[in-house]
Amino acid sequence: MELSRNEQSVRRTVELLWSPDGAAARSGPRQRSSVEEIVRAAVGLADAGGLTQVSMRAVAAEVGLKPMGLYTYVPNRDVLIALMVDAVACEDGPFDGAVGLSDCLRLIADQYRDEVLRHPWLLDVPAWRPVPGPGSSRRYEAQLAALARFAEAAGVEFDDIELDAVVASLRAFATGNARLRLDQAAEYRETGLDDAQWWA
C-alpha cells in the first residue's frame with residue numbers, strides 16, 4: 001500500500017529523530033554535512049533571531065550547502081523544526097538536586113522554563129501534535145520515574161495518567177512563566193523601566 005505524502009513525512013521525521021546517521025544516507029552527491037550539524041545550525045539561527053529566521057535556504061547557507069542540497073538531509077522545514085525541538089530537549093541534566101516530592105516538582109518545572117528562556121523560539125512551535133524523539137522521550141521518562149519515586153516516598157500514589165497530567169501541568173505553568181519573563185525583558189528593553197519603576 002502506498003503511503004500518503006503526510007504519512008511519508010511522518011515516517012521520515014521518525015527515521016531522522018531515531019536514526020539520524022542511518023536515515024541521512026540518500027542518493028546523490030557525497031554527503032558533505034550531517035543531520036546533527038544541520039539541526040545545530042538551525043537552532044543557532046533560531047536562538048539568534050527567532051523561528052522566522054529558520055528557512056531551508058538560510059540553514060543551507062549556514063552549513064555551506066546549496067538550498068536543494070539540504071533536502072537530501074531533511075525533507076522540509078516542519079521536519080527540521082521537529083528535530084530542533086528534540087535536540088534542545090537533550091540539554092536537561094539529571095534530577096540530582098531533588099530530595100523530595102516538592103523538589104522534584106520544582107525541578108521538572110525548571111527544566112521546561114529554563115529551556116524556553118534559552119530558546120524563546122520554542123514558544124512559536126505548535127505544541128498540539130509533537131513527534132516524540134529520543135531527547136524528549138528520555139526527558140519525559142526521567143521525569144515520570146523521578147516523580148513516581150518521590151511521590152511513593154512521600155506516600156502519594158499516582159497512576160500513569162495522573163503522572164502524565166502532573167508533568168503536563170508543570171510544563172504549561174513553566175512555559176507561561178517563561179513567556180511572562182521574556183515579555184518583561186522585552187518591555188524593559190523598550191521602555192527602560194523595570195517592574196518597580198513601571199508600577200511607581
Side-chain angles (χ1 to χ4, degrees), residues 9-24 34-40 42-44 46-47 51 54 74 78-185 195:
S9 180
V10 170
R11 176 173 282 186
R12 183 73 176 131
T13 303
V14 172
E15 286 175 355
L16 286 167
L17 280 166
W18 288 93
S19 180
D21 295 331
S34 69
V35 173
E36 184 180 345
E37 182 184 359
I38 288 163
V39 171
R40 198 166 45 244
V43 168
D47 286 347
L51 202 56
V54 180
V74 182
D78 288 341
V79 173
L80 178 58
I81 290 172
L83 295 170
M84 293 165 61
V85 169
D86 197 67
V88 299
C90 294
E91 297 171 356
D92 290 324
F95 286 83
D96 292 341
V99 294
L101 182 57
S102 61
D103 282 336
C104 180
L105 295 171
R106 179 181 51 77
L107 286 172
I108 291 172
D110 285 350
Q111 284 183 331
Y112 288 122
R113 184 203 59 213
D114 295 346
E115 179 184 56
V116 172
L117 293 177
R118 285 191 308 269
H119 308 289
W121 53 267
L122 286 167
L123 293 171
D124 297 322
V125 177
W128 62 277
R129 192 177 284 178
V131 181
S136 56
S137 295
R138 192 164 36 247
R139 173 173 63 190
Y140 178 67
E141 292 295 334
Q143 290 169 340
L144 291 180
L147 189 55
R149 185 172 67 250
F150 288 116
E152 183 179 0
V156 180
E157 287 190 21
F158 290 125
D159 62 27
D160 290 344
I161 294 174
E162 289 170 329
L163 284 172
D164 179 72
V166 169
V167 172
S169 297
L170 290 169
R171 181 174 192 166
F173 170 77
T175 301
N177 181 267
R179 186 186 298 273
L180 179 62
R181 287 176 180 232
L182 291 167
D183 288 347
Q184 287 173 330
D195 279 354

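By convention here, the first residue in the shown sequence is residue 1.
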Any salt bridge between Arg12 and Glu15, counting N to O under 4.0 Å?
yes

Closest non-hydrogen atom pair between [X] and [Y], with its separation:
X: Phe150; Y: Cys104; result: CD1-CB, 3.5 Å
X: Gly135; Y: Cys90; result: CA-SG, 3.4 Å
X: Ala87; Y: Val39; result: CB-CG1, 3.7 Å
X: Pro132; Y: Trp18; result: O-NE1, 3.1 Å
X: Tyr112; Y: Ala174; result: CB-CB, 3.9 Å

Let me confirm one number: the [atom1]-[atom2] distance from [X] to [Y], rounded to the nearest 0.5 Å.
X: Glu91; Y: Arg118; atom1: CD; atom2: CZ; value: 4.5 Å
X: Ile108; Y: Phe173; atom1: CD1; atom2: CZ; value: 13.5 Å
X: Thr13; Y: Asp86; atom1: OG1; atom2: CG; value: 11.5 Å
X: Leu147; Y: Glu162; atom1: CG; atom2: CD; value: 10.5 Å
X: Leu170; Y: Leu107; atom1: CG; atom2: CG; value: 10.5 Å
X: Leu163; Y: Glu157; atom1: CG; atom2: CD; value: 11.0 Å

Working for side chain to side chain donor-acceptor pair (under 3.5 Å), residues Asp164 and Tyr140
CA-CA 9 Å; Asp164 179 72; Tyr140 178 67; 2.6 Å; yes

Test side chain to side chain contact (heavy atoms under 4.5 Å, CB included) applied to Glu115 and Arg139, step by step
CA-CA 12 Å; Glu115 179 184 56; Arg139 173 173 63 190; 3.0 Å; yes

So among Leu80, Val43, Leu16, which one has a side-chain contact (heavy atoms from CB on, under 4.5 Å) with Ile38?
Leu80

Over 12 foreign heavy atoms within 6.0 Å of CG, Leu180
yes

Within 6.0 angstrom of Asp160 CG, more than 12 heavy atoms from elsewhere:
no

Yes or no on side chain to side chain contact (heavy atoms under 4.5 Å, CB included) for Val116 and Leu182, after CA distance, side-chain angles and deciding distance?
CA-CA 9 Å; Val116 172; Leu182 291 167; 4.1 Å; yes

Do the side chain of [X] and the main chain of [Y] share a donor and acceptor less than 3.5 angstrom apart?
X: Thr175; Y: Ala172; value: no
X: Asp47; Y: His119; value: no
X: Glu141; Y: Arg138; value: no

Are Met84 and Val54 side-chain neighbours, meaning at least one heavy-atom pair lies under 4.5 Å?
yes

After noting the C-alpha distance and the side-chain angles of Trp121 and Val85, does the key distance pass the side chain to side chain contact (heavy atoms under 4.5 Å, CB included) rule?
CA-CA 10 Å; Trp121 53 267; Val85 169; 4.2 Å; yes

